[in-house]
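What follows is a short report on a single structure.
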2 protein chains.
Amino acid sequence: IKRETVVVKKPSIGYGTSDLFRLKKSIRENLGIENCIVPIHIIRKLPLVLREKDWEVTVTVDKENSTLIDIQPGRTSKKSYGLALDIGTTSLVIYLVDLENGKIISSESEYNPQIKFGEDIINRIIYANRKGGLEKLREVIIDSINNLIWRLLFNSHIDADSIVSMMVSGNSTMMHLFYGVPPRYIREEPYVTVANKFSSSTAKEVGIKHIKNAYVYNIQGVASYLGGDIASGILATDMYREKELALFLDLGTNGELVVGNSEWMMGCSCSAGPAFEGGGVKCGIRAVDGAIEKISISQKTYKCQIEVIGGGKPRGICGSGLIDVVGEMYLKGVIDRKGKFNKDIGNKYLRCTDDDCQYILVNGKNSATGEDIYISEVDIDNLIRAKAAIYAGIKTLLEEVDLSVYDLDKIYIAGGLGKHLNTRNAIIIGMLPDVDVAKYFFMGNTSVTGAYLSLLSEDKYRQSSKIAEHITYIELSVNMKFMDRYVAGLFLPYTDMKDFPTVEECLYSLDIKLKK
Amino acid sequence: IKRETVVVKKPSIGYGTSDLFRLKKSIRENLGIENCIVPIHIIRKLPLVLREKDWEVTVTVDKENSTLIDIQPGRTSKKSYGLALDIGTTSLVIYLVDLENGKIISSESEYNPQIKFGEDIINRIIYANRKGGLEKLREVIIDSINNLIWRLLFNSHIDADSIVSMMVSGNSTMMHLFYGVPPRYIREEPYVTVANKFSSSTAKEVGIKHIKNAYVYNIQGVASYLGGDIASGILATDMYREKELALFLDLGTNGELVVGNSEWMMGCSCSAGPAFEGGGVKCGIRAVDGAIEKISISQKTYKCQIEVIGGGKPRGICGSGLIDVVGEMYLKGVIDRKGKFNKDIGNKYLRCTDDDCQYILVNGKNSATGEDIYISEVDIDNLIRAKAAIYAGIKTLLEEVDLSVYDLDKIYIAGGLGKHLNTRNAIIIGMLPDVDVAKYFFMGNTSVTGAYLSLLSEDKYRQSSKIAEHITYIELSVNMKFMDRYVAGLFLPYTDMKDFPTVEECLYSLDIKLKK
């Protein structure tokens with residue numbers, strides 16, 4: 001998307017031709033677009049717009065498709081805006097951006113409403129296969145996006161017509177569902193997408209309301225389980241142009257990993273479940289105001305000290321809080337290596353029934369909801385399976401290229417939990433490699449950041465496609481080594497303690513006896 | 001538009017990529033289209049269509065815009081059809097064409113319903129300038145076209161979905177009105193169009209119903225008063241690739257003229273009024289069944305002998321019949337050089353009032369309508385003004401390039417009247433140059449023929465644009481010589497008899513005394 005003011009040559013008896021011909025000539029000379037397509041609805045207003053301010057017009061051009069999107073008389077002072085949208089399996093995030101200065105005017109986020117039809121990608125695909133399932137999934141996501149856009153417009157008082165573009169990033173399944181394309185073959189061997197990059201389209205074509213003049217673009221994906229969210233994410237880091245070896249981790253419901261540098265990149269994907277985004281956990285919520293993001297546990301009383309996003313009373317616990325609490329519980333002996341509660345340590349915050357045990361983090365009196373905020377063995381188990389998948393993914397991917405975690409110069413962590421994550425605790429539970437914490441960089445939601453960058457810059461947008469084409473994908477679902485490591489990761493921090501030397505040291509120094 | 005069967009490579013674990021990528025690769029390899037755009041609605045059905053017949057599909061591609069229009073599983077036996085449409089100022093003609101063998105399945109024609117808002121281009125433009133005028137003009141023409149298409153489909157029993165394209169030809173004003181583009185500046189100095197070539201679009205975008213899968217293309221025009229109908233017309237003759245010098249005349253409501261050969265071409269336009277298409281004449285009708293197309297007058301009794309298109313009783317007189325009757329009346333002394341009736345020759349078929357005289361061609365008893373079919377001085381006057389404009393155009397155009405009518409090797413006559421025209425009578429009234437009648441070639445409606453050729457062949461379609469770009473246009477409305485010659489042409493056959501030596505000879509030999 002490019003907006004520029006051009007002056008069109010006036011016609012004369014000697015130099016007649018058509019208005020369109022002269023406009024195209026100006027566009028070619030000023031914007032370097034060879035044969036710009038001008039849709040009929042724009043040709044309809046062309047003669048009046050051209051003559052209104054003495055042949056000076058401001059054109060908005062979609063360079064990807066060489067198409068004129070909008071034309072306004074004169075050197076327009078009307079601002080133009082864009083939207084950057086990340087469609088995550090669990091969450092939606094959208095930015096409203098001033099395209100002239102890159103300022104993020106406002107942002108909104110929400111749970112992905114498709115969750116009720118399946119918590120992860122695989123269950124969504126299964127649902128989409130049912131009669132009417134795909135249409136239902138598309139309908140609810142489009143409704144949610146329309147709703148988010150409506151809120152952005154309402155709060156910012158911006159004219160809907162000044163929104164000219166929307167850049168969408170998401171994993172391959174989310175993109176299929178967004179565009180209403182059957183995702184079925186993503187989960188059937190040989191696991192192919194229908195498209196890694198969808199044609200850009202008008203907002204209307206995909207059912208987006210309010211912003212009828214806007215064009216919708218999407219970030220190119222790599223493969224079935226390595227989507228545009230990752231190309232977008234890598235664009236948001238600088239690893240695609242650095243010589244240093246980096247590992248990129250996107251910790252969403254689907255964990256996606258890329259290792260490499262400016263010369264080469266290799267990636268894979270592993271299903272982590274929604275725990276990192278507060279899903280599938282009884283008291284779990286997204287990393288929004290009211291979420292417990294940090295916890296420390298008293299070694300004497302087992303009472304929790306908490307930090308809440310935005311201050312105030314807590315409403316639940318988010319992904320980073322969950323990692324913190326499991327790390328702390330393990331270090332303080334509240335749970336054992338298998339994630340089961342030690343019932344004989346005199347922990348008075350533990351409440352057990354025949355089926356399950358719950359550790360009360362916050363008493364109902366002190367919570368925003370009036371209900372206790374707790375963590376159960378089922379919740380811990382969910383998190384352990386998630387972290388085991390991530391760590392198994394990292395190990396498998398690195399071994400494919402004959403590297404170890406110590407070869408890495410940088411580790412970028414992306415995902416909704418990233419900003420609040422306590423790296424040390426993530427290492428303690430065996431989720432992240434046991435390397436110097438100074439090597440970790442928290443990037444937050446890089447999918448929306450990459451979409452934002454691509455929205456603002458055509459070069460970045462093109463770069464995102466280059467990144468997608470550049471990544472070699474390995475399919476872990478057929479990889480036996482991955483399964484072995486996943487099983488080994490179902491212990492805290494890992495079956496083989498040699499992988500986590502500083503954790504082992506720490507446990508000894510804290511005088512915690514490991515059960516062999 | 002190109003339809004071809006391609007085989008898409010099957011995916012495997014080793015060669016995954018996306019369905020879209022592999023399809024685009026097949027299209028590139030088989031049809032030579034580099035980066036084919038595949039709209040979202042096609043991507044939606046892509047995975048199923050590809051797998052239905054084991055990765056063999058039939059694709060329909062719009063090569064002009066490198067866009068995939070349709071995809072069907074397997075080697076489809078489904079036929080594809082197209083429509084060729086000529087939008088004339090006075091008449092609409094449409095062909096339904098089998099795109100495989102080029103056969104014209106059926107055709108329909110109708111008066112242009114915009115006539116009631118103005119008989120000629122100028123009056124239509126004036127009407128379009130009124131509030132709501134443009135929309136009204138667009139509405140009625142689109143309604144008529146929808147109606148014609150409905151009739152074609154109904155009569156041919158062809159599935160509307162198998163119509164993949166429509167090629168539209170027409171003069172510049174008609175194209176503006178068809179696309180809903182303000183034609184205002186066509187008649188204001190310096191007389192420029194908004195566009196000579198409109199972007200191709202879906203049928204839906206321009207309001208064409210029934211054929212929702214079809215793309216609509218248009219033939220490129222030259223200038224405000226030399227439209228796509230002429231590029232189309234020249235494509236239908238072969239003058240653009242012959243060395244011989246030819247003159248092309250399109251005798252519609254707007255007379256359009258091009259002189260040249262494969263090396264150069266120059267064209268102009270002059271308003272003739274609707275007389276050639278039976279308009280603006282009391283008993284005038286189009287050249288359809290029931291129209292009088294030939295007339296001879298008895299020198300003794302002044303009784304008319306007529307020939308009727310389709311046999312049967314006459315309903316009115318068409319353009320060629322009108323030229324015939326005026327030629328005959330002049331030769332037989334019924335009218336004088338000014339086109340006024342000679343009242344003293346004892347013509348009992350003449351019926352005069354204070355205001356006007358009418359010459360009864362067919363008595364009401366013998367007509368299909370039960371009413372007399374006659375010609376009045378007003379009608380004759382209309383025809384004389386029309387022929388004066390045409391002849392003035394021819395003379396002015398030829399003199400611009402220092403040629404005379406005797407330099408012409410061929411004269412192509414196009415327009416609704418062409419097929420039935422008596423050249424000799426057209427020469428006698430001073431409409432066509434007085435040269436050997438063997439040089440005249442009657443082409444009929446070349447605008448629809450050119451549209452038909454372009455519909456079938458991409459090469460021809462491209463050629464039509466080349467022709468449009470190749471023609472140098474001269475604007476006659478600012479040309480004083482043209483006006484002088486027009487005034488000189490208000491006599492039969494012309495003020496200066498030297499231009500029409502064989503007519504002069506003929507008049508002498510028939511012993512008709514010329515009034516000086």
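Sequence lines set the chain letters: A, B, ... in the order given, protein chains first and strands last, and positions in each chain run from 1. Note that this is a predicted model, so its numbers are computed, not measured.
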Quiz item: What's the shortest heavy-atom distance between A:P11 and B:V192, and which atoms?
Solution: CB-CG1, 3.5 Å
Exercise. Would you name the heavy atoms of B:I208 and B:I142 that are closest together and state the gap between them?
Key: CD1-CD1, 4.1 Å
Self-check item: Greatest number of heavy atom pairs closer than 4.5 Å to chain A - which of B:G221, B:A223, B:P182, B:P190
Solution: B:P190
Self-check item: Verdict with supporting geometry, B:F198 and B:V206, side chain to side chain contact (heavy atoms under 4.5 Å, CB included)
Solution: CA-CA 11 Å; B:F198 296 83; B:V206 290; over 6 Å; no
Exercise. Please step through side chain to side chain contact (heavy atoms under 4.5 Å, CB included) for the pair A:I87 and A:I145, ending with a clear verdict.
Key: CA-CA 9 Å; A:I87 305 178; A:I145 295 167; 4.1 Å; yes
Taking only distance into account, so ignoring hydrogens and angles, what donor-acceptor contacts under 3.5 Å exist between chain A and chain B?
residue	atom	partner	partner atom	Å
A:D19	N	B:T193	O	2.9
A:D19	N	B:V194	O	3.2
A:L20	N	B:V194	O	2.7
A:V38	O	B:S199	OG	2.3
A:R44	NE	B:Y179	O	2.5
A:R44	NH2	B:Y179	O	3.1
A:Y179	O	B:R44	NE	2.5
A:Y179	O	B:R44	NH2	3.1
A:T193	O	B:D19	N	2.9
A:V194	O	B:D19	N	3.2
A:V194	O	B:L20	N	2.7
A:S199	OG	B:V38	O	2.3

Quiz item: Which one, A:I43, A:L46, A:L134, leads in non-hydrogen pairs under 4.5 Å with chain B?
Solution: A:I43
Self-check item: Nearest heavy atoms of B:P183 and B:L177, plus distance in Å
Solution: CG-CD2, 3.8 Å
Quiz item: Looking only at heavy atoms, which two atoms of A:G228 and A:I219 are closest? And how far apart?
Solution: O-CG2, 3.4 Å
Quiz item: In Å, rounded to the nearest 0.5 Å, how long is the span from CG of A:L226 to CD1 of A:I471?
Solution: 5.5 Å
Exercise. Flag the one option from A:L48, A:V38, A:V222 with the top tally of heavy-atom pairs under 4.5 Å to chain B.
Key: A:V38
Quiz item: B:A195 versus chain A, heavy atoms under 4.5 Å apart: side chain, backbone, both or neither?
Solution: both
Quiz item: Which heavy atom of B:C268 sits nearest a heavy atom of B:L397, and at what distance?
Solution: SG-CB, 4.0 Å
